[in-house]
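Heads up, the thing below is written out as structure tokens.
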2 protein chains.
Amino acid sequence: MKKLIEKEIKSEQKYKGTLIEVTRDTVELPDGKTSGRDVVKHPGAVAVVAVTEDNELILVHQFRKPVNEVTLEIPAGLLRPGEAGGETAKRELEEETGYRAAKVEKVFEGYTSPGYSNEVLRFYWATDLQMMAQHTDEDEFVEVELIDLEACVDMLHAGKIKDNKTMIGIMIAQMRSAAA
Amino acid sequence: MKKLIEKEIKSEQKYKGTLIEVTRDTVELPDGKTSGRDVVKHPGAVAVVAVTEDNELILVHQFRKPVNEVTLEIPAGLLRPGEAGGETAKRELEEETGYRAAKVEKVFEGYTSPGYSNEVLRFYWATDLQMMAQHTDEDEFVEVELIDLEACVDMLHAGKIKDNKTMIGIMIAQMRSAAA
């Protein structure tokens with residue numbers, strides 16, 4: 001696949017925010033021509049798949065400014081520098097939902113949109129859950145909802161899940177529940 | 001869920017590239033405090049799930065500058081203004097892979113990363129395939145690979161699929177093939 005590779009000629013920072021950095025990169029294409037690429041740099045994140053003893057998937061409702069709506073998603077959060085994803089997964093699950101997981105296991109990871117962003121999302125399967133208290137970040141407002149896993153699968157097939165990581169989370173919950 | 005909503009106080013454009021626009025938004029939180037949000041505006045895209053008569057999923061290898069690697073993905077492409085997603089799906093599939101689909105059907109759509117981007121990805125199921133010629137855009141270099149659907153499922157479970165839309169694509173192919 002070497003002949004597909006683009007060589008970076010230059011990379012100019014265009015924006016640095018609190019969450020993302022944006023660069024405009026100039027690349028040499030495989031045929032020797034040049035082209036430009038918009039690139040978003042993101043710290044990476046974790047998403048947590050947690051199913052209760054009653055076979056309910058733990059979900060959160062949260063307002064998302066970029067899409068101007070309250071979404072239904074599996075719990076997720078940003079990686080902090082130097083933090084192992086497992087700790088992030090445990091912390092975010094407990095902060096957002098009040099559930100503490102004694103055990104988390106990385107399932108796999110994937111790019112959310114590699115055409116313009118380097119964001120990698122690591123998926124964790126959380127087990128041995130215990131209900132504690134929700135304690136979100138200062139600027140974070142979420143509401144927890146538990147939905148029966150079979151109902152989640154039906155919602156997925158019916159197009160009622162509007163968040164890609166949550167689609168994958170439901171698939172993981174199915175895989176893991178079937179294996180248990 | 002009304003009490004979760006953030007009210008926009010202002011939105012400042014920070015970058016406008018060829019693909020994305022970036023704004024820094026100031027919002028009023030549900031508790032009356034203010035906070036800032038980095039927001040990426042994206043035109044939206046389609047992803048195409050196409051399985052050949054031999055039960056092979058059509059995939060493409062492509063260099064992705066943001067992640068600096070050649071990825072394995074289902075075919076995908078940007079929506080053009082005013083274009084119905086079905087036409088985009090047919091066009092991108094044929095351009096990138098050479099396969100013409102007589103029929104495409106929207107399965108569902110989802111946000112790729114609603115915490116910072118408004119990108120919506122529409123998933124299409126393409127059928128009645130006919131092999132034509134590949135004819136990519138001028139700055140686009142892709143290699144087609146057909147992989148047996150069962151092998152794709154094994155790759156997914158083994159963590160060898162590194163692109164979220166492709167994970168969802170494999171799930172759709174499973175759903176649709178089982179239903180057929």
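A note on names: the letters A, B, ... follow the listed sequences, proteins ahead of strands, and every chain is numbered from 1. Given the structure is predicted, the values throughout are model-derived calculations rather than measurements. Reckoned from all heavy atoms, side chains included, excluding hydrogens, waters and symmetry mates.
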* Atom group of A/Met167 that falls short of 4.5 Å from chain B, counting heavy atoms -> both
* For salt bridge (charged side-chain N to carboxylate O under 4.0 Å, His left out), just list the numbers for B/Glu6 and A/Arg64, CA-CA rounded to whole Å, side-chain angles, deciding distance to a tenth of an Å, and then say yes or no. => CA-CA 8 Å; B/Glu6 298 174 1; A/Arg64 295 297 204 171; over 6 Å; no
* To do: Measure the OH-OG1 distance between B/Tyr111 and A/Thr166 for me, rounded to the nearest 0.5 Å.
  => 12.0 Å
* Structure fact -> Heavy atoms of B/Asp38 and A/Tyr15 approach each other most closely as OD1-OH, 2.6 Å
* To do: Against chain B, label A/Asp25 side chain, backbone, both or neither, depending on which of its atoms sit under 4.5 Å from a heavy atom there.
  => side chain
* Cluster question for you: counting only ILVMFWY and a side-chain heavy-atom cut-off of under 4.5 Å, with indirect links fine, are A/Leu79 and A/Val49 together? -> no
* **B/Ile5 side chain near A/Phe141 side chain, heavy-atom distance below 4.5 Å** => no
* Heavy-atom distances under 4.5 Å only: say whether B/Glu140 touches chain A with side chain, backbone, both or neither. => neither
* How far apart are the closest heavy atoms of A/Pro66 and B/Asn118, and which atoms are they? -> O-CB, 3.2 Å
* Answer with yes or no whether the side chains of B/Arg37 and A/Thr18 bring together a donor and an acceptor at under 3.5 Å. => no
* **Engaged part of A/Ser35 at the chain B interface, taking heavy atoms whose separation is under 4.5 Å** => side chain
* **Heavy-atom pair count under 4.5 Å with chain B, highest-scoring of A/Ala158, A/Ala45, A/Ser117** => A/Ser117
* Using a cut-off of under 4.5 Å for heavy-atom pairs, which of A/Gln62, A/Lys41, A/His42, A/Lys165 has the most such pairs with chain B? -> A/His42
* Segment of B/Lys14 engaging chain A (4.5 angstrom heavy-atom cut-off) -> both
* Asked: In terms of heavy-atom contacts, does CD of B/Glu150 have more than 12 from other residues, nucleotides or ligands at under 6.0 Å?
  -> no
* A/Ile161 portion near chain B, given a 4.5 angstrom heavy-atom threshold -> backbone
* Under 4.5 Å from any heavy atom of chain A - which part of B/Val142 -> backbone
